[in-house]
K.L.:
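So that we are looking at the same thing, I have put the structure below in structure tokens.
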Amino acid sequence: MGETIVTNLKENAPDTVKFIEYDSAMKDGMKERETYGGIVISKDFSNQIASLQSEAASPTDLELYVNEGVNTNVATSMENVLKQITRQISSNVSAQMLASK
């Protein structure tokens, strides 16, 4: 499910959005003010989602990063965009879980 979400995000993202593996590239980009924000989807995301349908549910792990070092308006806009993407992910996960029942 995690891979499906990433694929959907990549297909629907504007050209200005870059997808990178989480490593020092995002942190370096934020330090250099080349990266305004990011979402990190844990490698266990699919397993975490699957566990929600069991008694041993574990919380899902999405990390949001906003570069507070850039213009305040840009940081606020980025925070809003990341929250919107998070809501979209949540909606997609809910729909997939309901469809699998």
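The structure presented is a predicted model; accordingly, all values stated were derived computationally and were not measured.
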K.L.:
Report the distance from atom NZ of Lys31 to atom OG1 of Thr35, rounding to the nearest 0.5 Å.
P.N.:
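If I round to the nearest 0.5 Å, the distance is 12.0 Å.
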
K.L.:
What's the spacing between Lys83 NZ and Ile39 CD1 if we round to 0.5 Å?
P.N.:
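Output value for this atom pair is 12.0 Å.
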
K.L.:
Rounded to the nearest 0.5 Å, what separation is found between the CD1 atom of Ile89 and the CG atom of Leu9?
P.N.:
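Ile89 atom CD1 to Leu9 atom CG measures 5.0 Å (nearest 0.5 Å).
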
K.L.:
Atom CD in Glu68, atom CD in Glu79: separation rounded to 0.5 Å?
P.N.:
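Answer rounded to 0.5 Å: 7.0 Å.
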
K.L.:
What distance do Ser90 atom OG and Ile85 atom CD1 have between them, rounded to the nearest 0.5 Å?
P.N.:
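That separation rounds to 13.5 Å.
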
K.L.:
Closest heavy-atom contact between Asn73 and Asn71?
P.N.:
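Nearest heavy atoms, Asn73 then Asn71: N-OD1, 2.6 Å.
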
K.L.:
Using only atom types and a distance under 3.5 Å, with no angle test, would you say the side chain of Asn67 pairs donor to acceptor with the backbone of Gly37?
P.N.:
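A pair under 3.5 Å: no.
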
K.L.:
Side-chain contact test, heavy atoms from C-beta onward, threshold under 4.5 Å: evaluate it for Thr86 versus Leu62 and give yes or no.
P.N.:
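Yes, at least one pair of side-chain atoms sits under 4.5 Å.
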
K.L.:
Determine the minimum heavy-atom distance between Tyr65 and Met26, stating which atoms define it.
P.N.:
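The answer is CD1-CE, 3.5 Å.
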
K.L.:
May I have the step-by-step check of side-chain contact (heavy atoms from CB on, under 4.5 Å) for Tyr36 and Val66, ending in yes or no?
P.N.:
CA-CA 6 Å; Tyr36 301 125; Val66 175; over 6 Å; no

K.L.:
With heavy-atom distances below 4.5 Å as the criterion, would you say the side chains of Asn8 and Gln88 are in contact?
P.N.:
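No, their side chains stay 4.5 Å or more apart.
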
K.L.:
Quick one: pull up CG in Asn92 and CD1 in Ile49 and give me the separation to the nearest 0.5 Å.
P.N.:
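Spacing of CG (Asn92) from CD1 (Ile49) equals 10.5 Å.
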
